[in-house]
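Computation of the quantities below employed the complete heavy-atom set of this structure, encompassing side-chain atoms and omitting hydrogens, waters and symmetry-equivalent molecules. Throughout, protein chains are lettered first and strands after them, A, B, ... in sequence-line order, and every chain is numbered starting at 1. From a predicted model like this one, the values you see are computed outputs, not experimental measurements.
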Amino acid sequence: MCRRILRYQNELVHVEQLEWYRGKFKLSSLFIRDGSFLLIMKEETRMNYKKELAEILHQLLEGEKSAEELEMLIEKPKNAGHGDLAFPCFTLAKLKRKAPNLIAQELSEKIQSPTFEKIEVVGAYLNVFLNKQAVAEKIINDILTQKEQFGSQNMGQGGNVTIDLSSPNIAKPFSMGHLRSTVIGNAIALIVEKCGYQPIKINHLGDWGTQFGKLITAYKLWGDADKVKANPISELLALYVKFHEEAETNHALEDDGRAWFKKLEDGDEEAVELWQWFRDESLKEFARIYDLLNVDFDSLAGESFYNDKMDRVVNLLEEKGLLVESNQAQVVELTEEELPPCLIKKSDGATLYATRDLAAALYRKETYNFVKSLYVVGHEQSLHFKQLIAVLKKMGFEWAGDMAHIPFGMMLTGGKKMSTRKGKVVLLEEVLKESIEMARHNIEEKNPALANKDEVAKQVGVGAVIFHDLKNNRMNDIEFSLEELIRFEGETGPYVQYTFARACSILRKANWQPEAAPQNFTATTWEKEWKVVSFLMEFPNAIKRACENFDPSQVAKYVVDLAQVFNKYYAEVRILEESEEQAARLALVYAVTQVLKEGLRLLSIQAPEEM
RNA sequence: GUCCUAGUAGCUCAGCAGGAUAGAGCAACAGUUUCCUAAACUGUAGGUCGGAGGUUCGAAUCCUCUCUGGGACGCCA
């Protein structure tokens, strides 16, 4: 091979450029392999010590396994006594036909790197201890200079990601059930943005559909304009509930409701006017809640927005010969996909949910040219999204593969789904109010001298509710429990916020400024601090995991873990006490505040400096 | 009936591209405040990882079957 190439991360780079890279990235490790490749690691990569170890092992094993394979085998030990990285040698035993503990022993003797302080062999394991001084200094300085940028990545490269979130139904109260999509979607938007994507948050309002026909029917039968004006949502909800009660015995009501919806879709003046009114009132109420939750949207294009864009979809389907009649309705058959047929038009010609989502998908691709299009919608709609994507693929739209349903479990009361129809809902606003009140109560008890009590109570109360939703795997159902929600101890939002506030308090008392921080901390062994440092190091990985899996709980869990180790450290070490190590300790405290704050921000939770 | 999802400590959950004694929080019990905010910290107790097979040097993690809860399966969204 005449051209010497070196690999720079995943790219191939010409060796002539080596000097340029050396200047720019301070190469830490340089390997020459079979005279034709040079493998380098640039400065940022060095932070990924796992990669470095994998690379070294790869060299030592003379290519018997790829660096990537080796990296996957490296784990971080659960037990601190087992070091920071561990490599089990079992799999090599077969390849080398040698006892795994012997292999570990041999490897341990050959590894030489300033990054690794010591290598221990325990059975078949290679336990690697990082050089605490070097690593801690590196991490702390990174955070000191990058501040809230620490942990940011660029896998998104500016690509647009549309996120369908929240999407409450107009004329219905904003219930606990809607919290999940709102809060999960918002956190995903923030996380994805942190990873270099451009999120586009779309509130796909449920402002269209047969339900409005039903509501109009109910309003015309039993409604009172003054009452609705005085108390829009609760009055409309009462009408909606009454409709369903009456409809159980009087089946003509259902037909009447359907008829009114058809009129609405055809632009009947009275129907449109009522609809517009209901919609405006609802949006006013929702605005208060979004404000509390700190959520805003890039688009409010809901279902009604696609009203005039559906003919095109239907025509396209017809042109492609996908539309077939079935019991007077128009459907797309999905037998090859092993899915039930997707209903496009009802027998009365009115459109359906799927029709609107098809139109919306097309619109979003054309308007935003997304690289990913996410739908943060409950798990019970999985089939619908499978069908939606399948139909788009059948239509020949390759980009349908970039669409993804992000499902989540249900909010339950008494083991059952909350049902608007039966009027059995818990209002989100009520819950937020209770939580804020609880926070306020705690402040009076614990820190009555606090300056901006109302503001902090709001941040803490709302933080508790958001965190409670985000801390667990999306897919778990959540049994609604007010007690559980407004618990501020243990693995909760307020616990993390409290940890942050106490850390801030230390910095305040020390009158510590990041600009005045020293660059090196030679007086410190970092022994007591090591656990905290090693958690700080994990932040970028947590974000990456959260982004790849669209899973905010990864960040929530991380932030609790960091708070826990910091609290232990805080209880053990008196930081404000004069000591040679104080400079390093204060810098560490500052680093913790930065990461906690940023972690909370990614969950849309504020971090008060005092509470 | 088919498909999707979950089953880990009394409760809520982590851990699941297989790895070293299965971890937190809550609740229980016992402690810590002349000391950086006790919304905290320390300790004790608590588990045949739903069950049965299988793959493997090694399984909570992968495969098959099975039981239980929840959900979805054409004119709701």
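No hydrogens or angles considered: nothing links the side chains of Lys597(A) and Thr593(A) as a donor-acceptor pair under 3.5 Å. Under the 3.5 Å distance criterion, with hydrogens and angles disregarded, no donor-acceptor pair is assigned to the side chains of Asn472(A) and Ser553(A). For Thr351(A) and Glu265(A), the side-chain atoms include at least one donor-acceptor pair closer than 3.5 Å. Remark: the Tyr569(A) side chain and the Glu529(A) side chain contain an N/O donor-acceptor pair separated by less than 3.5 Å.
Considering only side-chain atoms of Met611(A), the nucleotide from U37(B), U12(B), A77(B) that sits closest is U37(B). Nearest nucleotide to the Ser505(A) side chain, out of C36(B), A20(B), G70(B): C36(B). Distances were taken from every side-chain heavy atom of Tyr570(A) (C-beta onward) to each of G70(B), C36(B), G74(B); the shortest belongs to C36(B).
With a 3.5 Å ceiling on both atom-pair distances, the Watson-Crick or G-U wobble partner of U44(B) is A28(B). Pairing partner, C62(B): G54(B), with both Watson-Crick or wobble hydrogen-bond distances short of 3.5 Å. When both distances must be under 3.5 Å, the Watson-Crick or G-U wobble mate of A14(B) does not exist. The nucleotide A72(B) finds its pairing partner in U2(B), both defining distances of the Watson-Crick or G-U wobble pair being shorter than 3.5 Å.
Applying the side-chain hydrogen bond (donor to acceptor under 3.5 Å, both in side chains) rule to Asp454(A) yields the partners Arg440(A); only residues at least two apart in sequence or on another chain are considered. The ring pair (Phe, Tyr, Trp, His ring centres under 6.0 Å) search around Phe500(A) returns none, not counting sequence neighbours. Shown here are the side-chain hydrogen bond (donor to acceptor under 3.5 Å, both in side chains) partners of Glu484(A), two or more places apart in sequence or in another chain: Arg487(A). Remark: Phe408(A) engages no residue in a ring pair (Phe, Tyr, Trp, His ring centres under 6.0 Å) (not counting sequence neighbours).
With respect to Ile436(A), the side-chain contact (heavy atoms from CB on, under 4.5 Å) criterion is satisfied by exactly one of Val465(A), Val462(A), Val431(A): Val462(A).
Across C63(B) and A27(B), the matching C1' atoms stand 39 Å from one another, rounded to whole Å. A24(B) and G18(B) are spaced 23 Å apart, taking the C1' atom of each and rounding to whole Å. Comparing G46(B) with A9(B), their P atoms are spaced 14 Å from each other, to the whole Å. Atom name C1', nucleotides A39(B) and U55(B): the rounded distance is 49 Å, in whole Å. For the P atom pair drawn from G25(B) and U37(B), the interatomic distance equals 23 Å after rounding to whole Å. Comparing A22(B) with G47(B), their P atoms are spaced 12 Å from each other, to the whole Å. Between A20(B) and G58(B), the distance separating the two C1' atoms is 10 Å to the nearest Å. Of the P atoms belonging to C62(B) and G15(B), the separation is 12 Å, rounded to the nearest Å.
The side chain of Lys471(A) contributes no N or O atom lying less than 4.0 Å from OP1 or OP2 of A14(B). For the pair Tyr353(A) and A77(B), the criterion of a side-chain N or O lying under 4.0 Å from OP1 or OP2 is not met. Within the 4.0 Å cut-off from OP1 or OP2 of U37(B), not a single side-chain nitrogen or oxygen of Asn447(A) is found.
In this structure, the CZ atom of Arg502(A) is 10 Å from the P atom of C36(B), given to the nearest Å.
Residues Glu538(A) and Lys76(A) are paired through a salt bridge, judged by an N-O separation under 4.0 Å between the basic side chain and the carboxylate.
Look at A45(B): its glycosidic torsion is beyond 90° from 0, and that puts it in the anti range.
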Please list, pair by pair, any protein nitrogen or oxygen found under 3.5 Å from a nitrogen or oxygen in nucleotides 22-26 of chain B.
unit_1: A24(B); atom_1: O2'; unit_2: Glu491(A); atom_2: OE2; d: 2.5
unit_1: A24(B); atom_1: O2'; unit_2: Gln564(A); atom_2: NE2; d: 3.1
unit_1: G25(B); atom_1: O4'; unit_2: Glu491(A); atom_2: OE1; d: 3.4
unit_1: G25(B); atom_1: O4'; unit_2: Glu491(A); atom_2: OE2; d: 3.3
unit_1: G25(B); atom_1: O2'; unit_2: Glu491(A); atom_2: N; d: 3.4
unit_1: C26(B); atom_1: O2'; unit_2: Arg487(A); atom_2: NH1; d: 3.2
unit_1: C26(B); atom_1: O2'; unit_2: Arg487(A); atom_2: NH2; d: 3.3

For nucleotides 3-10 of chain B, which of its nitrogen or oxygen atoms have a protein nitrogen or oxygen under 3.5 Å away, and what is each distance?
unit_1: C4(B); atom_1: O2'; unit_2: His379(A); atom_2: NE2; d: 3.3

